[in-house]
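Below is one structure; the comments refer to it alone.
Everything numeric here is computed off the predicted structure, so don't read it as measured data. Numbering of ligands and ligand atoms starts at 1, following listing order.
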Amino acid sequence: MPVDVVVVGAGVLGSSVALRLAQAGRKVLVLERAVPGAEASSAAGGILSPGVEAAEPGPFYALCRASLARYPEFVRDVEALSGMSVGLRALGTLEIALDDEHAKVLAARAEKLLGHGLPVEVLDDDAVRRLEPGISHEARGALFFADESSLDPRLLARAVYVAASRAGASFVTGQVHRIVCEGGRAVGVEHEAGRIEAERVVLAAGAWSMRVEGNGLPPGSVRPVRGQIALFDTRPPLLSRVVFSGHGYLVPRPDGRILCGSTMEEVGFEKAVTAGGLRQVLDIAIGIAPAIARAPVVETWSNFRPASPDGEPILGEGSVAGLLYATGHTRNGILLTPVTADAIAAIVLGRAPPVDLAPFSPARLAAILGRRR
Ligand SMILES: Cc1cc2nc3c(=O)[nH]c(=O)nc-3n(C[C@H](O)[C@H](O)[C@H](O)COP(=O)(O)OP(=O)(O)OC[C@H]3O[C@@H](n4cnc5c(N)ncnc54)[C@H](O)[C@@H]3O)c2cc1C
């Protein structure tokens, strides 16, 4: 029996789209080749920071802010349905300057954001250390994005999957080989267990999206960018807030663990934690908070960001009718989960998406990729 919507991939994005559609009464089937949520979505730092990641006012900044604003309600829904906590903490993000060059970049960014009336505070060295005494004495001031948050992506990935299941979405294990098109319209998928018909198909296969045949995107639209992470144990907790430097970031958890990331590596799908990658991550960590040099390393891992050519997500409809995209979220898939879920669900339900999706349409990709050749 055909379903209303087939979602390819059960990362946070696929599962969240499924959650919103199931809540709206649609029959949704999510096809996941392995373990729901176990890839990029569980590897992320969990930083929700438009101020650092979007940097410039514009459509991407607005999309990030719209998603941050939706987070409290999204988390309330997910936690209520799943019975799990996702560790959302609204303590703000700091971006510190460790050299004069970066201090200049931060000053210019602050001027631009303040000029547009956007939220940022400029802190001097004393104010930085009053807020976070564990930060290096090399810090030359910082920007503070007081209304930003972080969460634990492993908890989120699990909780969204459980919430979507409880809301009525079905999850089936197995690889999707192909999106089936007839008369220019997506009518279902070819799955390892056979053909499944659907009125709509949502491609949410993360870094592997281009490996699904019939994806309708120009070659190179989504590629894997590896990131390596190290997790330290600090007792008592050394930091409370997310701290970026110009090289990477630290994400504290309430129990004193601190996650440090990350590399940006173009190595295909080679999943490894390497000596060079770890050195880079350790330098970032100790550069921001020198006392981390004494902390035990408790875990390391790597995974693949689903990177689009401009680092912005690929959302909504493209040239194939019935096929919707929720992919290419690059460094900000966790941040952009609530707005992506609501926007894709709105299109399926025939409503206006909560934000203008035109800047994130797959139609932009051919031109960007063409300019690179
Ligand atoms: C090291 C690192 C740190 C990051 N830190 C942050 C951060 O702090 N904040 C933030 O917002 N973002 C961060 N990100 C980015 C974020 O993790 C991703 O953008 C987001 O998780 C992408 O989610 P997804 O659901 O698209 O992909 P994934 O979580 O990778 O899910 C895709 C799923 O599709 C499945 N799949 C693939 N192909 C098929 C197929 N053919 N058939 C069936 N299933 C298939 C996969 O098995 C996988 O489960 C980070 C990423 C990395 C790697």
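- Under the ring pair (Phe, Tyr, Trp, His ring centres under 6.0 Å) criterion, Phe244 pairs with Tyr249, not counting sequence neighbours.
- Considering only non-hydrogen protein atoms, atom 34 (O) of ligand 1 sits nearest to Gly9 CA, 3.3 Å.
- Of the protein's heavy atoms, Gly206 CA, 3.6 Å lies nearest to atom 27 (O) of ligand 1.
- Comment: Asp124 does not engage Arg130 in a salt bridge, judged by the lack of any side-chain N to carboxylate O separation of less than 4.0 angstrom.
- No side-chain donor from either of Thr263 and Gln280 sits under 3.5 Å from a side-chain acceptor of the other.
- An N or O contact shorter than 3.5 Å links Gly45 to ligand 1 by distance.
- Of all the atoms in ligand 1, the ones that sit under 4.0 Å from a non-hydrogen atom of Leu31 are 43 (C), 44 (N).
- Here is the list of ligand 1 atoms found below 4.0 Å of a heavy atom in Asn332: 10 (C), 11 (O), 12 (N).
- A 4.5 Å side-chain heavy-atom check between Leu323 and Glu317 finds every atom pair outside the cut-off.
- Annotation: atom 23 (O) of ligand 1 to nearest protein heavy atom, Ser41 OG, 3.4 Å.
- A 4.5 Å side-chain heavy-atom check between Ser15 and Glu32 finds every atom pair outside the cut-off.
- Within ligand 1, counting atoms from 1 as listed, the ones closer than 4.0 Å to a heavy atom of Val12 are 25 (O).
- Those atoms of ligand 1 with a heavy atom of Ala44 less than 4.0 angstrom away are 3 (C), 4 (C), 5 (N), 6 (C), 13 (C), 14 (N), 17 (O), 50 (C).
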Check: Can Leu131 and Phe144 be said to form a side chain to side chain contact (heavy atoms under 4.5 Å, CB included), step by step?
Finding: CA-CA 10 Å; Leu131 214 52; Phe144 183 43; 4.0 Å; yes
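- The closest approach between any non-hydrogen atom of Ala207 and ligand 1 is not below 4.0 Å.
- The shortest non-hydrogen separation linking Arg195 to Val187 is NH2-CG2, 3.6 Å.
- The distance from the CD1 atom of Ile47 to the CG atom of Leu250 is 9.0 Å, given to the nearest 0.5 Å.
- A donor and an acceptor atom, one from each side chain of Gln228 and Glu265, are located under 3.5 Å apart.
- Comparing Glu32, Glu39, Arg331, His191 by heavy-atom distance to atom 33 (C) of ligand 1, the nearest is Glu32.
- Distance alone, capped at 3.5 Å, is enough to place a donor-acceptor pair between the Asp99 side chain and the His102 backbone.
- Between Gln228 and ligand 1, no N or O atom pair is found at a separation short of 3.5 Å.
- Interface of Asn303 with ligand 1, defined as ligand atoms under 4.0 Å from a residue heavy atom, comprises 53 (C).
- The protein heavy atom nearest to atom 15 (C) of ligand 1 is Thr330 O, 3.2 Å.
- Residue Trp208 approaches ligand 1 through these ligand atoms, each under 4.0 Å from one of its heavy atoms: 30 (O), 37 (C), 38 (N).
- Using 4.0 Å as the threshold, Ser150 has no heavy atom nearer than that to any atom of ligand 1.
- For Leu335, a nitrogen or oxygen atom sits less than 3.5 Å from a nitrogen or oxygen atom of ligand 1, counting backbone and side chain alike.
- Ranking protein heavy atoms by distance to atom 52 (C) of ligand 1, first place goes to Arg305 CG, 3.8 Å.
- Remark: minimum distance from atom 20 (C) of ligand 1 to any protein heavy atom is reached at Gly333 CA, 3.8 Å.
- In Tyr249, the part holding a heavy atom less than 4.0 Å from any atom of ligand 1 is the side chain.
- Nearest heavy-atom pair across Val242 and Ser150 is CG2-CB, 3.8 Å.
- Scanning all protein heavy atoms for the shortest distance to atom 9 (N) of ligand 1 gives Ile47 O, 3.0 Å.
- No side-chain N or O of Arg226 forms a donor-acceptor pair with one of Ser262 less than 3.5 Å apart.
- Across Ser221 and Met210, no two heavy atoms sit closer than the pair CB-SD, 4.0 Å.
- In the hydrophobic clustering of ILVMFWY residues, with side-chain heavy atoms under 4.5 Å counting as a link, Phe269 and Trp301 come out apart.
- Only the side chain of Ile229 comes within contact range of ligand 1, with a heavy atom under 4.0 Å; no backbone atom does.
- Ligand 1 is approached by Ser262 to a heavy-atom distance shorter than 4.0 Å.
- Interface of Val212 with ligand 1, defined as ligand atoms under 4.0 Å from a residue heavy atom, comprises 41 (N).
- Residue Gly46 approaches ligand 1 through these ligand atoms, each under 4.0 Å from one of its heavy atoms: 7 (C), 8 (O).
- Through direct or indirect side-chain contacts shorter than 4.5 Å among Ile, Leu, Val, Met, Phe, Trp and Tyr, Leu91 is connected to no other residue.
- For Pro306, every heavy-atom contact with ligand 1 shorter than 4.0 Å involves the side chain, none the backbone.
- A salt bridge links Asp310 and Arg364; the closest N-O separation between the charged side-chain nitrogens and carboxylate oxygens is under 4.0 Å.
- The protein atom (non-hydrogen) at minimum distance from atom 45 (C) of ligand 1 is Arg33 CG, 3.6 Å.
- Checking Ile334, Val176, Leu151 against atom 42 (N) of ligand 1, the nearest heavy atom belongs to Val176.
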